[in-house]
Amino acid sequence: MLVWFHQRVPALLILSMENKEKILLAHGSGGSLMHDLIEKLFKKSFGNEILNELSDSALIKSLPAEGHDLCFTTDSYTVSPLFFPGGDIGKLAVCGTINDLAVMGAQPLYLSCAFLIEEGLDYDILERLTKSIAQTARQEKVKIATGDFKVVEKNNLDKLFINTSGIGIRHAGVKIHKETIAPGDKIIINGSIGEHGLAILAARGDFDFQSTINSDCASLSGMIAKIIQVSRGIKFMRDPTRGGLATTLNEIVLGSNFGIRIFENNIPIKEEVRAACEILGFDPLYIANEGKVVVIVAEKDVEVILDVMRRDALGGESQIIGKVVKEPKQKVLLQTRIAGTRILDMLTAEQFPRIC
Amino acid sequence: MCLAVPMKIMEIKANQALVELGGLRKKINLGLLEKISVGDYVVVHAGFAIQKLDEKEARKTLSALRQMSEAL
Amino acid sequence: MRYIDEYRDRGITQKLIKKMLNIVSDYSSPIVLMEVCGTHTMSIFRSGLRNYLPDNIRLISGPGCPVCVTPNSYLDKAIAYARKDDVIIVTFGDMIRVPGSSSNLEKEKSTGRQVRVVYSCLDALSIAQDNPDKKVIFLGVGFETTVPTLAATIKIAKEKKIRNFFVFSGHKVIPPAMQALVKERSPHIDGFICPGHVSTIIGSKPYEFIVRDYHVPCVIAGFEPVDVTQAIFMLAQQIVEKKSPVVEIQYSRSVKEEGNRKALDLMEEVFESEDSNWRGLGIIPESGLKIKQAFSDFDAELSIEVEVEMTKEDKGCICGAILRGIKTPLDCVLFKKQCRPENPIGACMVSSEGTCAAYFKYGK
């Protein structure tokens, strides 16, 4: 990892032709421009006692890991446009990695944050995204412990990518694992699906429709902490991001000795999302979410968990959408609105708007 | 072979209309139809309205179906 | 009245099926119905309707998926166009993964060729206006529902004098293909579920010859579960009661006997019929549409020269027989093995409404 933190002389602002400050290759070269960026932007926004040390790697002295297991995850984020209704790539990069920790039952503590930037990006964009990252991390009580910053030549990547890794701790008593899932368990989702994917599509403007659909991009860690507190009956959790709910459910049955049956009528979908899907020929079950979690719970605990979820801001529309069944194994069956059944497969390829 | 959805006409400007479904709005072309007014429902395919939906026919079909369904 | 949810009613669907069971239970021979249209195939699978139908009603899927019946040679030419530096290919999303002899448009795009997906052919006009130094070729694939939108777009291009917009017409019309099927009597078809949106444009008259000359009943159906169920019920009734077959319109909220006159006029103004090659069905007389001379400036094939590779067909693929309803995907040795949605060998797997894709996605 190239480290941000070498002391150099601060540099002057670099102004482009249009008088707008731009990110230059030099910003990533380890020189004074980079130092300036670190001091004025990253340290100021993310600053905490670990990051402020500016050491080659983050030294975490007080990791409260006794009686806990450590969870460690990484994810890279690329989205166009960088800002979309309901969020931006910065918020997404923090929430996404936090959610990967949270669905394991872990409490997220530290994140790394690495930017890959195309030269010529407006400084203002980087600043707004950095602030968004800082704000989201602060709200979720996680610290940005280390980071990286690279600039590549024009046209070598699309504007800006972010990678975040995350460390969290999980109480050794929490037994959330696919192997604990058994027939009879119930499947809950915390709200309506398909909003992130369609908000991005609408924001891209390619298909020219006006909507008020917002991305559901949010950190689930608060709500998940609450349900873990009230129940030991949580068997498994996963956030249905890329590939949507259908793909996540298929990942769960893959290699298992059970199947899943879900009920189309119970799956919350906002009317606008449904409409966009009708028009473009999409299936909402395959559209990405960024603030949803599928929770598989023992039947006896389902009411208490639903109750806690529904009282949380992110779980008001929580629903039991299905159950774990013995047969057919390794398959997800959907009971349709007219009470027919069909197999729900994984997403095989990106969905395109179609006329047929 | 052809996806098309019923949408409601909200505004008309010359050959273009703003249509709505479930809160979602879209601009479409009215060049394939005549005598369309605000409030009509049209069948939209690939950015064009291809037919005006006939409310009388729709109600007729549905009420016949409901009667059949109750008679059973 | 919002014209969607009313037609997804579980109660009505189930009652219709019950009634259907009553009328066909004493009928001794199997009833084979062909859903001509791929959107019907998809709707039937998506709603899970198949599990409910009486055992002696068999649905077979027809050639009504424009992507599936577009032959390799069309794709090869589209790909050759895409490889020209001064060309932008614009297409509906349906075509993007359809395999040609050795490539597809998605692969071409990944090597830097300009291929753009749009929702409407009008979007292709905007792309042409935004890129005056490029030739913008729209892949005109589709049936009578889509053709009038292309005709309208070509007329706008002419009015606005947009000189860099071209259409590569692979358009086809449905009734001749239905005739080709009933003429051969293979497979045996007892009734047609006719396409609702094609019929919205052409009306019900173009099917009259099928009931008159071939005595096969036709019902024009909408696409919601209630629509499709009711259409099957209406066909079963015609067949069981042995009435002389007629063309009935179930989808009467959208389909008029005379169709959409304005759209038909536009179509006739811009396009004329020609013989056309259908994957699986071969050359069918007067089943394709080419751009008329008055609009030939917009005909990609007349305006832009290109060298096309020799077309190859995959030997193991039985898409042709599947499109004619003679075989099902389960008869194909490639199905679910080499041929999968992420690596389609035949067009019936790549199109979201193709029979193979439907069997793969929703089948048991």
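Within every chain, numbering begins at 1; the chains are lettered A, B, ... in the order of the sequence lines, protein sequences first and strands thereafter.
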Would you mind checking which part of K26(B) comes under 4.5 Å of any heavy atom in chain C, side chain (CB onward), backbone (N, CA, C, O), both or neither? side chain

Please determine whether side chain to side chain contact (heavy atoms under 4.5 Å, CB included) holds for the pair L62(B) and Y7(C), giving the CA-CA distance in whole Å, both sets of side-chain angles, and the decisive distance to 0.1 Å. CA-CA 8 Å; L62(B) 279 175; Y7(C) 301 93; 3.8 Å; yes

Rounded distance (nearest 0.5 Å) linking atom NZ of K262(C) with atom CD of Q51(B): 12.0 Å

Gap separating the CD1 atom of I12(C) from the CG atom of L65(B), nearest 0.5 angstrom: 5.5 Å

Non-hydrogen atoms of L3(B) and H197(C) that approach each other most closely: C-ND1, 4.5 Å

Any side-chain donor-acceptor pair under 3.5 Å between H45(B) and T149(C)? no

Any donor-acceptor pair under 3.5 Å from T39(C) side chain to C2(B) backbone: yes

Under 4.5 Å to a heavy atom of chain B? For I156(C) that would be side chain

Report which part of K8(B) has an atom under 4.5 Å of a heavy atom belonging to chain C: side chain, backbone, both, or neither. neither

If the contact rule is any heavy atom under 4.5 Å from chain C, which residues of residues 31-39 of chain B qualify, in numerical order? G31(B), L32(B), L33(B), E34(B)

Could you grab the distance from atom CD1 of I201(C) to atom CD1 of I50(B), nearest 0.5 Å is fine? 4.5 Å

By a 4.5 Å heavy-atom criterion (distance strictly below it), what part of R2(C) contacts chain B: side chain, backbone, both, or neither? both

Could you grab the distance from atom OG1 of T145(C) to atom CZ of F48(B), nearest 0.5 Å is fine? 13.5 Å

Kindly check if the number of other-residue, nucleotide or ligand heavy atoms within 6.0 Å of CD (E257(C)) is above 12? no

Rounded distance [0.5 Å steps], OG in S69(B) versus CG in L16(C): 8.0 Å

Could you tell me which portion of V226(C) (side chain, backbone, both or neither) has an atom closer than 4.5 angstrom to a non-hydrogen atom of chain B? side chain

Set out, in order, the CA-CA distance, both residues' side-chain angles and the distance that settles side chain to side chain contact (heavy atoms under 4.5 Å, CB included) for R253(C) and R59(B), then state yes or no. CA-CA 9 Å; R253(C) 60 190 186 275; R59(B) 290 197 190 282; over 6 Å; no

Between Q230(C) and T61(B), does a side chain to side chain contact (heavy atoms under 4.5 Å, CB included) hold up when you go through it step by step? CA-CA 10 Å; Q230(C) 191 185 13; T61(B) 313; 3.6 Å; yes

Look only at the side chain of D54(B) and the backbone of S254(C), and say whether a donor-acceptor pair between them is shorter than 3.5 Å. no

If we only count heavy atoms from C-beta on, is the P6(B) to I4(C) side-chain gap below 4.5 Å? yes

Main-chain N/O of A46(B) paired to S120(C) side chain as donor or acceptor, under 3.5 Å: yes

